Amino acid sequence: MSIKKYLQKIKDVLVYFDFEPLLFMWVASDILNNMVLWTTLDYWESVDQPNTYWLYLTYLISSVGMMVFLHNKKWLARFISFYLTVYLFSTIRYLVNIFAGGQDFTIIDAKNILITCWYAAMWVWILFKVKKEILHKTLS
């Protein structure tokens with residue numbers, strides 16, 4: 001199989017196949033890995049990061065919202081948008097902590113930003129797919 005055929009098959013999967021089962025598994029994983037379920041506010045206060053607890057709680061609320069409204073595309077799109085907004089906020093917060101704190105930008109920070117960009121691109125793609133389904137449903 002040529003690389004061109006392979007890339008075409010990948011494109012077809014990304015464009016034409018349903019994503020809901022994958023989204024269900026991804027969101028379930030997000031919920032189960034959320035630190036609010038495994039720590040307390042006291043823990044985050046003891047490490048002098050109480051706002052991190054609230055950030056995780058916000059992620060939990062958006063993930064649960066996505067899970068609850070997986071069948072309702074309009075509300076699903078709202079919760080994905082909310083998740084992306086929180087994601088953007090936490091990324092900016094991460095970068096401000098590095099540069100405002102006078103720390104050097106390390107290879108670990110570069111890796112973290114690269115992974116963050118990858119996940120953001122994934123969520124934007126999912127939002128695009130949901131919005132596309134809403135548009136198709138509206139037009140038909």
Side-chain angles (χ1 to χ4, degrees):
M1 176 189 301
S2 72
I3 291 180
K4 187 175 180 180
K5 270 187 167 179
Y6 173 76
L7 292 175
Q8 182 62 40
K9 286 185 185 258
I10 295 294
K11 178 189 167 261
D12 290 346
V13 166
L14 292 174
V15 172
Y16 300 113
F17 289 95
D18 290 337
F19 61 91
E20 285 87 352
L22 177 61
L23 183 58
F24 173 83
M25 298 302 282
W26 186 263
V27 172
S29 172
D30 256 12
I31 291 169
L32 293 173
N33 283 317
N34 192 289
M35 293 301 289
V36 168
L37 301 177
W38 308 109
T39 61
T40 64
L41 178 58
D42 292 336
Y43 167 79
W44 292 102
E45 287 174 341
S46 73
V47 294
D48 201 29
Q49 293 184 352
N51 292 334
T52 301
Y53 178 84
W54 301 112
L55 181 63
Y56 281 125
L57 181 62
T58 306
Y59 276 123
L60 181 63
I61 291 167
S62 62
S63 294
V64 168
M66 282 187 266
M67 184 67 78
V68 168
F69 291 105
L70 193 59
H71 67 286
N72 183 324
K73 299 294 188 261
K74 286 184 181 179
W75 276 97
L76 179 62
R78 290 176 183 149
F79 277 103
I80 293 171
S81 297
F82 179 65
Y83 190 96
L84 276 166
T85 303
V86 173
Y87 209 73
L88 177 64
F89 168 78
S90 66
T91 303
I92 291 169
R93 177 180 169 224
Y94 178 76
L95 291 171
V96 166
N97 284 342
I98 291 170
F99 294 115
Q103 300 172 6
D104 292 332
F105 192 79
T106 65
I107 191 75
I108 300 298
D109 297 320
K111 174 200 69 105
N112 291 342
I113 294 301
L114 177 66
I115 291 169
T116 297
C117 289
W118 178 263
Y119 284 134
M122 180 195 70
W123 281 110
V124 167
W125 173 78
I126 291 170
L127 181 61
F128 173 77
K129 294 284 283 185
V130 170
K131 290 285 195 175
K132 185 178 168 186
E133 281 192 32
I134 292 169
L135 178 64
H136 284 208
K137 196 174 193 178
T138 303
L139 294 176
S140 58

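Being a predicted model, the structure only gives us computed values, none of them experimental.
Around atom CG of Asp104, no more than 12 heavy atoms belonging to other residues, nucleotides or ligands sit under 6.0 Å away. When the shell of 6.0 Å around OH of Tyr119 is examined, it contains 12 or fewer heavy atoms from other residues, nucleotides or ligands. The number of heavy-atom neighbours closer than 6.0 Å to CG of Leu37, taken from other residues, nucleotides and ligands shown, is above 12.
The two residues Thr39 and Met35 come nearest to each other via the heavy atoms OG1-O, 2.7 Å. Of all the heavy atoms in Ala77 and Leu127, the pair that sits closest is O-CD1, 3.6 Å. Considering all non-hydrogen atoms of both residues, Pro50 and Glu45 come closest at CB-CG, 3.8 Å. In terms of heavy-atom proximity, Val36 sits nearest to Leu57 at CG2-N, 3.3 Å. The heavy-atom pair separating Leu76 from Met66 by the smallest distance is CD1-O, 3.7 Å. When all heavy atoms of Tyr87 and Ala120 are compared, the closest pair comes out as CE2-N, 3.9 Å.
Judged by distance alone, the side chain of Ser63 and the main-chain N or O of Leu60 form no donor-acceptor pair under 3.5 Å. Put simply, the side chain of Thr58 gets close to the backbone of Trp54: a donor and an acceptor are under 3.5 Å apart. Panel note: side chain Asp109, backbone Thr106; a donor-acceptor pair is recorded below 3.5 Å.
Remark: Tyr83 engages Tyr59, Trp123 in a ring-ring contact (aromatic ring centres under 6.0 Å, His included) (not counting sequence neighbours). For Lys73, the salt bridge (Lys or Arg N to Asp or Glu O under 4.0 Å) partners two or more places apart in sequence, or in a different chain, are Glu20, Glu133.
A chain of hydrophobic side-chain contacts below 4.5 Å, direct or via other Ile, Leu, Val, Met, Phe, Trp or Tyr residues, connects Met25 to Leu23. Cluster membership check: Leu114 does not share its hydrophobic cluster with Ile108, using side-chain heavy-atom separations under 4.5 Å among Ile, Leu, Val, Met, Phe, Trp and Tyr. Under the 4.5 Å side-chain heavy-atom criterion for ILVMFWY residues, no single connected hydrophobic cluster contains both Leu84 and Leu22. With hydrophobic clusters built from ILVMFWY side chains whose heavy atoms lie under 4.5 angstrom apart, Ile115 shares a cluster with Val124. Cluster membership for Met67 and Leu32, using ILVMFWY side-chain heavy atoms within less than 4.5 angstrom, is not shared.
Between Arg78 atom CZ and Lys74 atom NZ the span is 7.5 Å, to the nearest 0.5 Å. Distance check: Ile80 CD1 to Phe69 CZ gives 13.0 Å after rounding to the nearest 0.5 Å. We find the CH2-CE distance between Trp26 and Met122 to be 4.5 Å, quoted to the nearest 0.5 Å. In this structure, the separation between CD1 on Ile92 and CG on Leu88 is 4.0 Å, given to the nearest 0.5 Å. Phe99 CZ to Phe105 CZ: the interatomic distance, rounded to the nearest 0.5 Å, is 5.0 Å. Taken to the nearest 0.5 Å, the CG atom of Leu55 stands 5.5 Å off from the CZ atom of Arg93.
Between Phe79 and Trp75, the ring-plane angle classifies as tilted under the 30° and 60° cut-offs. Note on ring orientation: taking the six-membered ring where Trp is involved, the planes of Tyr56 and Trp44 are tilted (angle from 30° to 60°).
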* To do: List the steps, then state whether side-chain contact (heavy atoms from CB on, under 4.5 Å) holds for Leu70 with Val27.
  => CA-CA 10 Å; Leu70 193 59; Val27 172; over 6 Å; no
* Where do Ile113 and Leu95 land on the side-chain contact (heavy atoms from CB on, under 4.5 Å) test, with the steps shown first? -> CA-CA 9 Å; Ile113 294 301; Leu95 291 171; 3.6 Å; yes
